Structures are given as structure tokens and as C-alpha cells.
Amino acid sequence: MENYKITLLKGDGIGPEIVDQAVKVLNKAAEKFDFTVTYDEALLGGCAIDATGVPLPQETIDKCKASDSVILGAVGGPKWDNQPGNNRPEAGLLGIRGALGLFANLRPSVIFGPLKSASPIKDEIIGDDMDIMIVRELTGGIYFGQRGREEDAAWDTEKYSVAEVERIARVAFDLAMKRNKKLTSVDKANVLESSRLWRETVIRVSKDYPEVELNHMYVDNCAMQLVRNPKQFDVIVTSNIFGDILSDEASMIAGSIGMLASASLSGGKLGLYEPIHGSAPDIAGLGIANPLATILSVAMMLRYSLSQPEAAQAIETAVAKVLEQNRTPDIYEDGMNKVSCEQMGDLVCEAL
Ligand code: NAD
């Protein structure tokens with residue numbers, strides 16, 4: 001029987017509560033689909049600063065590297081807001097992505113039928129089956145390029161190498177092959193030299209994926225098309241900064257922040273799976289956080305790192321079923337059962 005070693009980075013705020021529910025669901029999936037999971041915990045973010053003085057202790061990096069995959073809750077909170085920039089909880093987050101070589105960020109934007117009314121977009125535009133996967137390059141581009149500051153000027157540089165574009169393009173084409181075989185590459189090739197290299201490289205990689213229908217879109221048009229006709233998209237691949245902005249836009253189409261999962265992948269199997277929301281210090285400890293984004297992140301982990309697609313699908317189906325009648329306060333609607341974080345975890349386990 002397959003055994004997986006998972007490192008848990010519960011983090012701060014609601015992190016521990018939501019990760020506990022995700023672990024419960026993963027254990028249930030293991031029982032049902034005949035595999036086992038062993039867990040190790042490590043510190044990241046504010047809790048790591050309190051215990052060790054730094055947001056990302058070396059021990060945390062070592063434990064993550066020695067595991068099959070990592071589940072992260074969230075980091076940060078007002079307690080650590082006065083830390084210098086390089087010692088803030090969020091610096092731990094950037095640090096762990098770098099240390100594990102996580103260059104591909106996958107952000108699905110999926111509408112769960114019962115939650116359609118939470119979307120700000122009209123019903124007829126989102127339809128019943130909106131399911132977009134945004135693949136964002138995570139370790140290159142303008143966020144990591146040369147920067148400078150003079151008294152009355154400042155600059156940041158967008159630079160991509162062919163190798164960087166090629167590896168993210170391959171992640172996106174591979175994903176498209178497992179989905180509807182449609183890939184949109186987003187750039188600003190009408191203006192930016194780096195985008196022209198991006199486009200040429202994606203076209204070259206596409207020769208290895210003849211079954212995937214590739215199209216190119218300028219980022220400004222893509223921002224508009226996402227709200228005008230989101231159903232036209234299957235997989236979108238784009239640079240770090242464009243992906244940052246477009247994935248937030250796409251996540252709003254799907255409604256509540258408490259529902260949205262993400263994966264950050266390296267070239268190998270190891271991945272880091274986390275909800276897109278933060279540590280929600282305003283509701284931490286009240287037992288009302290929505291654990292579904294973290295539970296859906298576990299489903300992504302089963303699909304992309306642990307090769308257990310049936311278990312992943314079963315969790316997603318269980319979540320959809322539970323949502324028909326039950327809601328945490330952030331997604332509550334009249335006529336539903338209002339449930340706590342822990343009850344939501346239990347209900348997903350039961351539905352599994
Ligand atoms: P946030 O996502 O933590 O919260 C925004 C709002 O959404 C809050 O009202 C919160 O209560 C609500 N919310 C978020 N997740 C929820 C959930 N699962 N269930 C119910 N409600 C939920 O964003 P913020 O308030 O801007 O940031 C709080 C802290 O989190 C900051 O320190 C920030 O730096 C950090 N942060 C961390 C990450 C991360 O760990 N990946 C991401 C974003 C923000």
C-alpha cells in the first residue's frame with residue numbers, strides 16, 4: 001500500500017483550524033482509496049518568528065524537501081506587522097517557494113453549482129460549468145528582475161529566459177492535455193520584447209503538443225474577456241505579474257475567497273498546496289473559518305503530486321454535495337444550515 005509523507009505548515013491565524021479539517025478529509029480519503037499518510041509539522045510565518053526568531057527556519061525547508069508534498073494554511077497577522085520586511089511572516093512564504101523551486105502556480109477558478117449566486121457575474125455568462133485553470137510563472141519576471149531607485153526615479157525589470165518560459169509552458173500544455181486540450185497564452189507582445197520571446201517560445205513548445213489548440217491573447221484583452229465570456233477559457237498560461245492580477249480577477253468570478261485552492265509546483269512531484277486566502281486574523285479562533293479552500297487544495301495535491309485522481313475527484317464531489325445544504329458564515333444564504341469550520345470538515349468526511 002502506498003504511503004505518503006506530508007509536511008503540514010499550519011501557520012498563523014485560521015491556519016491551524018483549516019489545516020486540521022483538511023487532514024481529517026485526507027485521512028478519510030486514504031481509508032477509502034487504500035493508501036496511508038504520515039504527517040510531520042513544521043513552523044512557517046509568525047509562529048516560526050515567535051519560536052525561532054525567523055519566519056522560515058532551515059528545519060522547515062529540510063522537512064518539506066524530505067516529504068512527498070506540503071500543505072500550508074496561511075501566515076501573517078497584526079502581531080508581526082512591525083517586523084522588518086525581510087523578517088515578516090510573508091517573507092517566509094516567498095522563501096519556501098524559492099527553496100523548493102516552485103516555479104509554477106496553478107489557480108483553478110471553478111463555480112460550484114450551489115454557489116452560483118455568490119458570483120458577481122450574471123448566471124447566463126458563467127453558465128453551469130465554468131472551469132478555468134490559470135498557470136502563473138512564479139519565480140521569474142519583474143518581481144525578481146533588476147530594480148533600482150534614484151531620488152526622482154525608480155525601475156523594475158521584466159526579464160525572461162527561454163528556459164524559464166519553456167518549463168512553465170510545458171506545465172501548462174501537460175495540464176491542457178489532461179483537460180479540454182485548449183491553452184491560451186497571455187502576453188503583451190505588441191509592446192514588450194520579453195513578451196515577444198514568451199510568445200515565440202510557447203509556439204515552439206506547442207509543436208510537441210499537436211493535440212492542444214493554442215491561442216494567444218494580449219493581457220488587456222484577457223482581463224476583459226474573463227468577465228465578458230469566461231467559458232471560452234480552459235488553461236491560461238502567463239507571466240508572474242500578469243498571472244498575479246488575472247488570477248485574482250478570475251477568483252472573484254468564482255465567488256468567495258474561502259473556496260479557492262491553489263498549487264505551487266516544481267519540476268518534480270513535490271508541490272505546496274494552500275488556499276489563496278490569508279490568515280483571516282479577524283475570525284481566527286472563532287471556529288467559523290471556511291475550510292473548503294484548504295480541503296480543495298488537498299484534492300489538488302492528490303491529483304498533481306500523489307497520482308490519486310479518483311480520490312481528488314471524490315473530495316470535489318463531496319464538497320459540491322455538502323454545499324447544497326450547508327454553509328460556513330462567509331458563504332451563508334437563507335435556508336441553509338449554518339455550520340462551523342469543524343462541522344464542515346465532518347460533513348465532507350461523511351459525504352466521502
Ligand atoms: P485574508 O484573506 O486573511 O482575509 C480577508 C477577508 O476574508 C477577511 O475578512 C477574512 O475574515 C475573510 N476570510 C479569509 N479567509 C477566510 C476563510 N477561510 N473563511 C472565512 N472567511 C475568510 O486577507 P487579509 O485580511 O488581507 O490578510 C490577513 C493576513 O494574512 C495578513 O497578515 C496578510 O499578509 C496575510 N496573508 C497571507 C497569505 C498566505 O499565507 N498565503 C495570503 C494573503 C494574505
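None of the values given here were measured: they were computed from a predicted structure. In listed order, ligands and their atoms are each counted from 1.
Rounded to the nearest 0.5 Å, atoms CG (Asp234) and CG (Leu183) are 8.5 Å apart. Rounded to the nearest 0.5 angstrom, Leu175 CG and Arg170 CZ are separated by 14.0 Å. To the nearest 0.5 Å, atoms NZ (Lys182) and CD (Gln232) are separated by 6.0 Å. The CG atom of Leu138 sits 8.0 Å away from the CD1 atom of Ile168 when rounded to the nearest 0.5 Å.
When only interatomic distances are considered, the shortest N/O to N/O separation between Ile276 and ligand 1 does not fall below 3.5 Å. For ligand 1, the polar-atom distance check finds no N/O of Asp81 at less than 3.5 Å from any of the ligand's N/O atoms.
For atom 40 (O) of ligand 1, the nearest protein heavy atom (residue, atom name, distance) is Val75 N, 2.9 Å. Closest to atom 29 (C) of ligand 1 among all protein heavy atoms lies Ser279 OG, 3.3 Å. Looking only at heavy atoms of the protein, atom 34 (O) of ligand 1 is closest to Glu90 OE2, 2.4 Å. Of the protein's non-hydrogen atoms, the one nearest atom 9 (O) of ligand 1 is Asp282 OD2, 2.9 Å.
Taking a cut-off of under 4.0 Å to the non-hydrogen atoms of Glu274, the atoms of ligand 1 that pass are 41 (N). Ligand-side atoms of ligand 1 in range of Gly77: 32 (O), range being under 4.0 angstrom from any heavy atom. Shown in contact with Leu93 at under 4.0 Å from a heavy atom are these atoms of ligand 1, numbered in order with element: 39 (C), 40 (O), 41 (N). Residue Ile14 approaches ligand 1 through these ligand atoms, each under 4.0 Å from one of its heavy atoms: 17 (C), 18 (N). Residue Ala74 has at least one heavy-atom neighbour below 4.0 Å for each of these atoms of ligand 1: 40 (O). Near Gly76, with a cut-off below 4.0 Å to any heavy atom, the atoms of ligand 1 are 32 (O).
Between the side chains of Tyr160 and Asn240, no donor N or O sits under 3.5 Å from an acceptor N or O. Donor-acceptor pairing under 3.5 Å is recorded for the side chains of Thr184 and Asn215. Between the side chains of Tyr4 and Ser305, not a single donor N or O lies within less than 3.5 Å of an accepting N or O. Side-chain contact, Ser307 with Lys269: a donor N or O sits under 3.5 Å from an acceptor N or O.
Atom 24 (P) of ligand 1 lies below 4.0 Å from none of the non-hydrogen atoms of the protein. For atom 6 (C) of ligand 1, no protein heavy-atom neighbour is present inside the 4.0 Å cut-off. At a distance under 4.0 Å, a protein heavy atom can be found next to atom 44 (C) of ligand 1.
Here atom 28 (C) of ligand 1 lies nearest to Pro281 when heavy atoms of Gly278, Pro281, Gly11 are compared. Taking only non-hydrogen atoms, the option from Ile283, Asn290, Asp12 nearest to atom 22 (C) of ligand 1 is Ile283. Residue Ala280 holds the heavy atom nearest to atom 12 (C) of ligand 1 of all those in Ala280, Ala293, Ala289.
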Original post:
Does the pair Asp50 and Trp80 meet the rule for a side chain to side chain donor-acceptor pair (under 3.5 Å), with working shown?
Top reply: CA-CA 9 Å; Asp50 288 350; Trp80 303 281; 3.0 Å; yes

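In this structure, Glu150 and Trp155 have side chains that are in contact, with non-hydrogen atoms separated by less than 4.5 Å.
Looking at Lys79 and Asp12, no side-chain N of the basic residue comes within less than 4.0 Å of a carboxylate O on the acidic one, giving no salt bridge.
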